[in-house]
Amino acid sequence: MTENTPAIATADTYKRLGANPYRPWPARITSIQQLTPKEKLFELRIIDASVRDAFRHTAGQFVELSIFGVGEAPISISSAPSKQGFIELCIREAGTVTSAMHRMRAGDIVGLRGPFGRGFPFDEMRGHDILLVAGGLGIAPLKSLINHIHDERHEFGKVTILLGARSPKEILFRQEFDMWRHREDFDLQMTVDIPDDDWDGEVGLVTKLFDALEVDPENTYGAICGPPVMYRFVVAEMRKKDLDVDRIYVSFERRMKCGIGKCCHCGVGHKYACIDGPVFSYWEAMNLKEAM
Ligand SMILES: Cc1cc2nc3c(=O)[nH]c(=O)nc-3n(C[C@H](O)[C@H](O)[C@H](O)COP(=O)(O)OP(=O)(O)OC[C@H]3O[C@@H](n4cnc5c(N)ncnc54)[C@H](O)[C@@H]3O)c2cc1C
């Protein structure tokens, strides 16, 4: 059994810069896109060129976003690691920090710490089939992985993406994914709980999409991100398809503060979500008390 790879990118970025991981780097918002009534996609550019060049992340990692005078919140990086110079954050208006972020305009300055945590084991996944399952806002960290796979598509076998949302209006990156449905190099399927009059796709939970799915269990890695209730059921479907427990990866959201394993706010069993996760193999998660 393998453990997920360590949080190399975090240590590297700060070591290379000799920087203090508690100090936010000023970053300019370069564009804002309203994705749904509650979610916006922000593109940010770190102002200091030496920091911007040293900033490297892996899909599944997060940053601590700070709004000066308001506070900090952990947010997954949605853009691919191959996109250098900018990062994208898909943010739902949920509380203090995220609401303040939603009031920001292009050109405004915020703070960023990170990248933090362990992402998906991209190198280990290379050469295999990939099955990605996202529910709702869970697409935010998986989008980075999808984009990275897209950039290196020839390195992977069959890539299947299953997306679930409450309603068609709540599907994130809808325009982009509508086009992906017609691609031959990705099998992208969507389902909603509550359809509207224009919806011509599946209706039901994302687990329903597994019924007709053909998976090669010897050669497939799974990745899951979504609301907590989803994990147990999606893992069960993946296990029914005979995927190994150490080839299923889950990304956990826990309340976290420092992002660097010091403050102990984000304990999952005997580990911390901020440095040992947020991405864990299911085999690791099974051995963590109250992980799922
Ligand atoms: C690794 C990671 C990645 C994440 N990625 C994303 C992302 O890509 N996009 C995104 O939009 N969100 C993401 N989140 C979630 C985001 O960090 C939280 O929603 C965060 O709380 C938002 O901060 P806020 O100040 O806006 O909200 P808060 O003011 O913290 O409130 C958020 C919600 O939590 C409730 N709440 C506040 N304090 C508590 C408490 N002590 N106990 C229980 N409930 C409480 C509030 O009532 C409100 O409903 C991520 C979280 C983690 C851990």
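Just so you know, ligand 1 is whichever comes first in the structure, and atom 1 is the first atom listed for that ligand. Everything numeric in this text was worked out from a predicted model, so none of it was measured.
Residue contacts with ligand 1, taken as heavy atom pairs separated by less than 4.0 Å, involve M256 solely via side-chain atoms from C-beta onward.
Within the 4.0 Å heavy-atom cutoff, A94 counts among the residues contacting ligand 1.
For ligand 1, the polar-atom distance check finds no N/O of F62 at less than 3.5 Å from any of the ligand's N/O atoms. Here's the thing with S99: none of its N/O atoms is less than 3.5 angstrom from an N/O atom of ligand 1.
Residue G95 approaches ligand 1 through these ligand atoms, each under 4.0 Å from one of its heavy atoms: 24 (P), 26 (O), 27 (O), 28 (P), 29 (O), 31 (O). Listed by number with element, the atoms of ligand 1 under 4.0 angstrom from any heavy atom of A73 are 22 (C), 23 (O). Ligand-side atoms of ligand 1 in range of I91: 11 (O), range being under 4.0 angstrom from any heavy atom. In summary, the atoms of ligand 1 found under 4.0 Å from a heavy atom of T98, numbered by their order in the structure, are 22 (C), 24 (P), 26 (O). Atoms of ligand 1 found under 4.0 Å from any heavy atom of T96 (numbered from 1 in listed order, with element): 24 (P), 25 (O), 26 (O), 27 (O), 28 (P), 29 (O). Near R92, with a cut-off below 4.0 Å to any heavy atom, the atoms of ligand 1 are 10 (C), 11 (O).
Under the 4.0 Å distance rule, the nearest protein heavy atom to atom 18 (C) of ligand 1 falls outside the cut-off. The protein reaches atom 30 (O) of ligand 1 closely, with a heavy atom under 4.0 angstrom from it. Distance screen at 4.0 Å: atom 15 (C) of ligand 1 has a protein heavy-atom neighbour inside the cut-off.
Protein heavy atom closest to atom 42 (N) of ligand 1, with residue, atom name and distance, is R255 NE, 3.7 Å. Protein heavy atom nearest atom 12 (N) of ligand 1, with residue, atom name and distance: I75 CD1, 3.7 Å. Summary of contacts: the protein heavy atom closest to atom 53 (C) of ligand 1 is R254 O, 3.0 Å. In this structure, atom 52 (C) of ligand 1 lies nearest to the protein heavy atom E253 CG, 3.6 Å. Scanning all protein heavy atoms for the shortest distance to atom 4 (C) of ligand 1 gives P74 O, 3.5 Å. Counting only heavy atoms of the protein, atom 8 (O) of ligand 1 lies nearest to S76 N, 3.2 Å.
Note on R105 versus D108: no salt bridge recorded, every NZ/NE/NH1/NH2 to OD/OE distance being 4.0 Å or above. Salt bridge status for E72 with K257: absent, with no side-chain N to carboxylate O gap under 4.0 Å. In this structure, E43 does not pair ionically with R28, as no charged nitrogen and carboxylate oxygen lie closer than 4.0 Å. For the pair E93 and K38, the salt-bridge criterion is not met [side-chain N within less than 4.0 Å of a carboxylate O]. A salt bridge does not link R52 to D48: none of the charged nitrogens lies less than 4.0 Å from a carboxylate oxygen.
For the atom pair K40 NZ and L172 CG, the distance stands at 14.0 Å (nearest 0.5 Å).
In this structure the side chain of S144 never reaches within 4.5 angstrom of the side chain of N147, judged on heavy atoms.
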Evaluation steps, ring-ring contact (aromatic ring centres under 6.0 Å, His included), between H148 and F122
CA-CA 9 Å; H148 201 182; F122 191 79; 3.7 Å; yes

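Proximity annotation for atom 24 (P) of ligand 1: of L137, V97, L172, V97 comes nearest, heavy atoms only. For atom 9 (N) of ligand 1, the candidate residues are A140, C225, C90; the nearest heavy-atom contact is made by C90.
Within the cation-pi definition used here (under 6.0 Å to the ring centroid, within 45° of the axis), R153 does not qualify as a partner of W180. For the pair R118 and F280, the cation-pi test (distance below 6.0 Å, angle within 45°) is passed. Within the cation-pi definition used here (under 6.0 Å to the ring centroid, within 45° of the axis), K143 qualifies as a partner of F173.
Within a 6.0 Å radius of CZ in F42, more than 12 heavy atoms belonging to other residues, nucleotides or ligands are found.
Here F120 and Y221 keep their ring centres 6.0 angstrom or further from each other.
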